[in-house]
Amino acid sequence: MSTTMNGGQQSVDAGMVNGYLPTVNGESRWEEQFLPIPLRIDDKIRAQKIEARLSKLVLCGATLRQVTDVFESEIEAGLRQKPSSLQMENTYVPELTDGTEEGSFLALDLGGTKFRVLLLELKAGKVMRDMVKLYEISEKLRLGPGEELFDFLAECVQDFVCSEGIENGKFSLGFTFSFPMRQHSISSGELITWTKSFNCSGMEGVDVAALLQRFLTARGLDITVRVLLNDTTGTLIAGAYLDRSVGIGVILGTGSNGCYMERACRVLHWERSHELVEDVCIDIEWGAFGDNGCLDFLRTEFDDEVDSKSLLVNSFTFEKYIGGKYLGDLVSSALGVLARDGLFPAEPAFGYLQTAHVSMFEKENCSSEVSGTLQALRDATGGCSALSNQDALVAQHVAHLISNRAAQLVSVCVATLVRRMGRARVAVAVDGSVFKHHPRIAPLMDKYVALLAPGRPFTVLGAEDGSGKGSALAAAVAARLAAS
Ligand code: GLC
């Protein structure tokens, strides 16, 4: 777990602009703090041309306020079940761990190419032992018939319990299924649409918990699917286990999304009685933010190219600005445009540069190195011999602009939630490969959330493996509630 604190030092003062930042030296100082690091290469004219060509990737404070306003109104519309690009799904997760949970619980975590099976042993609410096994989900399974995928998931569970020697045990299971769902209860929900790298047939509208239960039972396993949740909810629950002030869960990995504890009375969609529920976790599904066109003012030609070459075109607009699945493609697209304008020696092959490259470019940029960047560019361009150290600096700058934009956009969402919740202090649990491995995203998020939610103390807490652990913890809570 890693923790950073922020926001607590700033007081709300008379200098606030539209309720945003108390400005010390005026609005222009505030604006300046959103600017990325400038491109520093020897040829100043080339640097200016490149900066001009990429200027749409630079979001100023005023634009971020505009995104904030749109995000707030989409949240309200979504909660009221009015047309909105935000699903604002009721997860039916009302309470978090209370420290009395006992027993062994299984969890499954499906969302990326690696599928995880976990076993958590709890004593008096404390995790005494956790076992995790990873299984690769082939492209054939990710794009084939849904029933084959779910049969494979059950096969993995069987393999896991056999390898642990617990195949004859009776278990409650939490299923983290990180795709948009229409939830009917804490343990049932239908897939709305696939995202990221999945597109299995015959699954839309299918209750994924019931389908998993069917395949587990068919294998003779005495396992009950008690909870169905999204990875953000899992992260929130795992974070709350570490720090009770956690009220927001964020995933910044292959995809991106967030959830938060909302007052139950503000939520319209209920399929269960909820008189005793004070707060409930809402899965925002912010990956789809802007799918109705409300964010078109942000869109660049690079975003158009990445979208048109993605598996699911015209969907998950916001996720394509910030998700790890797309950051490498965005860098390729921008370098391709520069190359066509004669500002870069060669176009990288689209799809070659991954988010790990973007993180590496940024790491080298932080330590004034270029060797890894140059090698990656040579590999991506089929060995272009004209590439120089100066070109590596240009590629690092492109990676920085795209990373800075991603950090700003995710910070707009987090800051909006921090402000909306209005608590004395709120902790934000974050998990995901981009958050963990990118050298600048976490510090930039601290900076930008503080700028966008002034006077609102918050803590960002890295909740490693939160999505899976949270699922097992949720299964424990559900088992406790079922027994009471
Ligand atoms: C996608 C999914 C969402 C998930 C996110 C992060 O956006 O739709 O449910 O939380 O990826 O994995």
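Both counts, for ligands and for their atoms, begin at 1 and track the order of listing.
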Which protein heavy atom lies closest to atom 6 (C) of ligand 1, and at what distance to 0.1 Å?
Asp231 OD2, 3.3 Å
May I ask you to decide if the ring planes of Trp194 and Phe198 are parallel, tilted or perpendicular, using 30° and 60° as cut-offs?
parallel
Should one rank Asn257, Thr232, Thr254, Asp283 by closest heavy-atom distance to atom 5 (C) of ligand 1, which comes out on top?
Asn257
Residue Pro180 vicinity, atoms of ligand 1 by number, heavy atom under 4.0 Å
8 (O), 9 (O)
Considering only heavy atoms of Asn230, which atoms of ligand 1 have at least one such atom less than 4.0 Å away?
3 (C), 4 (C), 9 (O), 10 (O)
Kindly say whether the aromatic ring centers of Phe289 and Phe71 come within a distance under 6.0 Å.
yes
Among Glu285, Lys196, Lys325, whose heavy atom sits nearest atom 8 (O) of ligand 1?
Glu285
With a 4.0 Å cut-off, would you call Asp109 and Lys114 a salt bridge?
no
State the atoms of ligand 1, each with its element, that fall below the 4.0 Å cut-off from a heavy-atom position in Phe316.
7 (O), 8 (O)
Show which atoms of ligand 1 fall inside a sub-4.0 Å distance from at least one heavy-atom site of Glu319.
1 (C), 7 (O), 11 (O)
Answer with side chain, backbone, both or neither: which part of Ser256 has a heavy atom less than 4.0 angstrom from an atom of ligand 1?
backbone
Shortest heavy-atom approach to atom 2 (C) of ligand 1 - which of Gly255, Ser178, Gly249, Gly323:
Ser178
Within a distance under 4.0 Å of any heavy atom of Thr195, pick out the atoms of ligand 1 and give their elements.
1 (C), 2 (C), 8 (O)
Go through it in stages, so that I can follow the logic: the residues are Glu204 and Arg182, the test is salt bridge (Lys or Arg N to Asp or Glu O under 4.0 Å), and I'd like the CA-CA distance, side-chain angles, deciding distance and then a yes or no.
CA-CA 10 Å; Glu204 281 166 23; Arg182 170 70 57 219; over 6 Å; no
Under a 4.0 Å N-O cut-off, is there an ion pair linking Lys309 with Asp329?
no
Does Thr300 offer a backbone N or O that forms a donor-acceptor pair with the side chain of Asp303 under 3.5 Å?
yes
Centroid-centroid under 6.0 Å between Phe179 and Phe177 rings
yes
